[in-house]
Amino acid sequence: MKNMQRRILRNKNSIALISGILITGGFLSKWLMGSMAFFQWTLITASILGIAPIAIQAYQALTVKVVSIDVLVTIAVGGAFLIRNFEESAIVTFLFLFGAFLEQRTLEKTRSAIKELTEMAPESALKQMENGEFREVEVDEVDVGDILLVKTGAKVPVDGTVISGEGSINEASITGESFPVEKEEGSGVYAGTILDNGTIQIVANRVGEDTTFGKIIELVEEAQDSKSEAERFIDRFSKYYTPAVLVLAFIVWLFSKNVELAITILVLGCPGALVIGVPVSNVAGIGNGARHGVLLKGSEVIRDFSRLDTMVFDKTGTLTMGDPTVAEVEHYGDHIEEALGYLASVERESDHPLAKAVLQEIGDTTFWPVENTVVVKGAGIVAVVNGRKVAVGNTALMERENIVLDDQAKADVAAFEKNGSSLVLTAVDGELKLLMGVRDQVRPGVKEDLQRLKRLGVKHLIMLSGDNQGTVDVVSRSLGLTAAHGNMLPEDKAAYVKDLIENQNRIVAFVGDGVNDSPSLALANIGIAMGGGTDVAIETSDVVLMNSDFSRLPHALGLTKATAGNMRQNMVIAVGVVLVLLYSVLFSDWVNMSIGMLVHEGSILAVILNGMRLLRYRLSG
Amino acid sequence: MKTATIQLETLTCPSCLQKIEGAMKGLGGVDQDTVKVLFNSSKLKLNYREDEISIGEIEAAINNVGYEVKKSNVKPA
């Protein structure tokens, strides 16, 4: 009996097909040959065939005390049978089965983006056994500390460290960037990335769900099924709605004795589009994000994000590269090569952040021994190199050392400062030789991205930074921000965000690097981490921009707006259809059981197809 | 106490969730508060007490309401 049930359910789609053919055949014979008997018998056969899987599902639902849609349809078709309306019973069962088939196909499509991601998860690994040989095992059988072999073309099965061999790895699944990264002994490798060439042996550091890739997958999987308050309400509502329709139909039949009307109400009582409308928008929206390097943590996040009016940015590492570089250089007089060598020699011994930038700029040069080094706090360094007195520092140091700047030099200093640079001046034997402007440069394209965010309706773009107000103002002006505040510690930033939310009723997104800004990320309505797949970023934030790619931000905002809109449309479709049908069945006469079923299935398909549009969403302009 | 993540056949119909939840409701040994049916990823997550019920019995209950179990992953809770 159980097997029989299972076989019928498994062949639901074939049954729908046969039933469809029978119905068409029946109608053709009626119209072409006027054969009423044949017409009736084909429809009766189609009805019985079609109701079988539905009735089984209804029975299964009832055994666990659930009044499902199948129950309503089964009773309705039974009723139609009793009043010998075989036309209705056949068409309704066919539409119900065919609708289920289409739903399955289209839903698979809607979920495809996320499925592509989860299918990148590694399944097997070559693990070193006790006898030293490598054997293929399921990835679940790999433990921390195991030694694994990864061959060309294979997926790295776990997060680990290379212990021998070398090769280049495509880390697109973690960082979103598909250029190869060279790996050698000691390099870290991530699960889910692909070894393009070479052979490596790795030791497993983190396995399964603990790997970065595992966490990303878990996050996305949880996100696609996370429910907002509104959805939970709909779920509760639909739980009582179906039984209520059953009762309503019974009451209508009791008073009107009109079986036709009662069973029509039953068919209309299927809240299908209502239940799946929002989840399909959600899964398609999150899927689109996952494809474009934007991880969205669920529908609540989508709703808040789509309504935000204020974006607060951390400066260093978010709007800027986070890595000061020499942006401008001027030199004065002769023997510049020599001066560069002296400068590099002095800076080589310093751990000041500017020193790194200066050394990077100079590159290969002749280094000299440095003697008699004096560090002048807040100004620079004075030392003797190659028997010459070298002063490296800001304008205050030059003044202290009585170094005269000519008009040209003074003009350059003013110009560099206006650009927001920190200055490094170098004087040799009391004569100015070099002027360098060091800046944490703005990420390329950030200005355009901020404009896009503005066009998408973000009213306030605010920058917070630990840097001094002067530097902050320069960056702010060049980017066209609404406000910029300097000299802020992480706790000041958090307090600022809190004030915006609590006292000014703003909906605030905080964009930061996810490491030292976690209090602000957590406090903001939406925490957006620019995390190149780091764990902290994934855990503390609501939205993760993979590979720290700022340009994904406008896409993320546009996408959440589109997704939130899509959810609303689906709600309107679902509720609207039910209301119109209920009204029509009670107060007009164009609705019968078949039309009711057609509209019902149509509305389910409509919400799925509408949701599917999100998969193709791209930011325009 | 164990945590099970059960991969089901692709869930498509709107009443699947209710049915599977209903099927779990009747099972002793399943921690009802932890039962979560995930529509889009077609998964069932729950905690159960292994001395009262086995994963096989849970799977059978799912089969009885008409859904196939693809793979079960059981871990200590």
Side-chain angles (χ1 to χ4, degrees), chain A residues 2 5-6 9-10 53 56-72 99-108 110-111 114-115 118 140 208-209 220-227 235 238-239 242 270-277 279-280 282-284 286-287 604 608, chain B residues 2-30 32-48 53 55-77:
Chain A
K2 280 260 163 65
Q5 282 183 14
R6 215 161 285 163
L9 289 185
R10 207 169 294 153
I56 291 170
Q57 286 170 2
Y59 164 76
Q60 288 170 332
L62 285 175
T63 57
V64 293
K65 303 192 194 75
V66 172
V67 181
S68 67
I69 296 176
D70 315 304
V71 175
L72 299 189
F101 166 75
L102 288 180
E103 281 153 31
Q104 190 183 345
R105 282 303 163 87
T106 48
L107 267 175
E108 270 168 18
T110 329
R111 293 167 177 163
I114 288 176
K115 209 158 170 217
T118 55
D140 292 343
E209 286 167 14
V220 175
E221 280 215 325
E222 297 264 317
Q224 65 174 338
D225 281 304
S226 74
K227 290 193 171 167
D235 280 1
S238 62
K239 221 167 259 177
T242 325
C270 312
L274 205 56
V275 177
I276 69 171
V280 293
N282 196 34
V283 74
I286 289 170
I604 293 187
I608 296 178
Chain B
K2 299 239 176 184
T3 298
T5 307
I6 301 167
Q7 180 68 55
L8 308 165
E9 65 178 289
T10 313
L11 299 181
T12 53
C13 68
S15 58
C16 306
L17 308 183
Q18 281 184 41
K19 273 205 237 175
I20 295 169
E21 271 168 22
M24 292 301 109
K25 214 158 260 167
L27 297 180
V30 171
Q32 295 300 333
D33 294 339
T34 61
V35 174
K36 221 160 99 184
V37 189
L38 304 175
F39 178 63
N40 282 319
S41 53
S42 307
K43 279 182 181 170
L44 169 65
K45 287 187 175 176
L46 52 82
N47 289 353
Y48 66 96
I53 192 166
I55 186 74
E57 287 169 286
I58 294 173
E59 288 178 1
I62 298 168
N63 281 327
N64 282 342
V65 285
Y67 299 98
E68 259 177 64
V69 172
K70 287 228 170 118
K71 195 179 157 195
S72 295
N73 198 344
V74 179
K75 283 194 306 191

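Chain letters run A, B, ... following the sequence lines, proteins first, then strands; residues in each count from 1.
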- Query: Could you give the distance from CD1 (A:Ile276) to CG (B:Leu11), rounded to the nearest 0.5 Å?
  - Reply: 11.5 Å

- Would you check, one step at a time, whether the test side chain to side chain contact (heavy atoms under 4.5 Å, CB included) holds for B:Asn63 with A:Arg6? CA-CA 9 Å; B:Asn63 281 327; A:Arg6 215 161 285 163; 4.1 Å; yes

- Query: For B:Ser41 and A:Arg111, what are the C-alpha separation, side-chain angles and deciding distance, and is it a side chain to side chain contact (heavy atoms under 4.5 Å, CB included)?
  - Reply: CA-CA 8 Å; B:Ser41 53; A:Arg111 293 167 177 163; over 6 Å; no

- Note on the structure: Residues at least two apart in sequence or cross-chain that pass side-chain hydrogen bond (donor to acceptor under 3.5 Å, both in side chains) with A:Asp70, listed by chain then number, are A:Ser68, B:Lys19

- Proximal component of B:Glu21, with respect to chain A [non-hydrogen, under 4.5 Å]: side chain

- Item | Whether B:Asn64 side chain and A:Gln60 backbone form a donor-acceptor pair below 3.5 Å | no

Return all side-chain donor-acceptor pairs below 3.5 angstrom for residues 66-77 of chain B, not counting sequence neighbours, or 'none' if the list is empty.
residue: B:Ser72; atom: OG; partner: B:Glu59; partner atom: OE2; Å: 2.5
residue: B:Lys75; atom: NZ; partner: A:Glu209; partner atom: OE1; Å: 3.2

- Where do A:Leu107 and B:Phe39 land on the side chain to side chain contact (heavy atoms under 4.5 Å, CB included) test, with the steps shown first? CA-CA 11 Å; A:Leu107 267 175; B:Phe39 178 63; 4.0 Å; yes

- Note on the structure: Checked A:Asp140, A:Val66, A:Ile56, A:Leu9 vs chain B; the most non-hydrogen pairs under 4.5 Å come from A:Val66

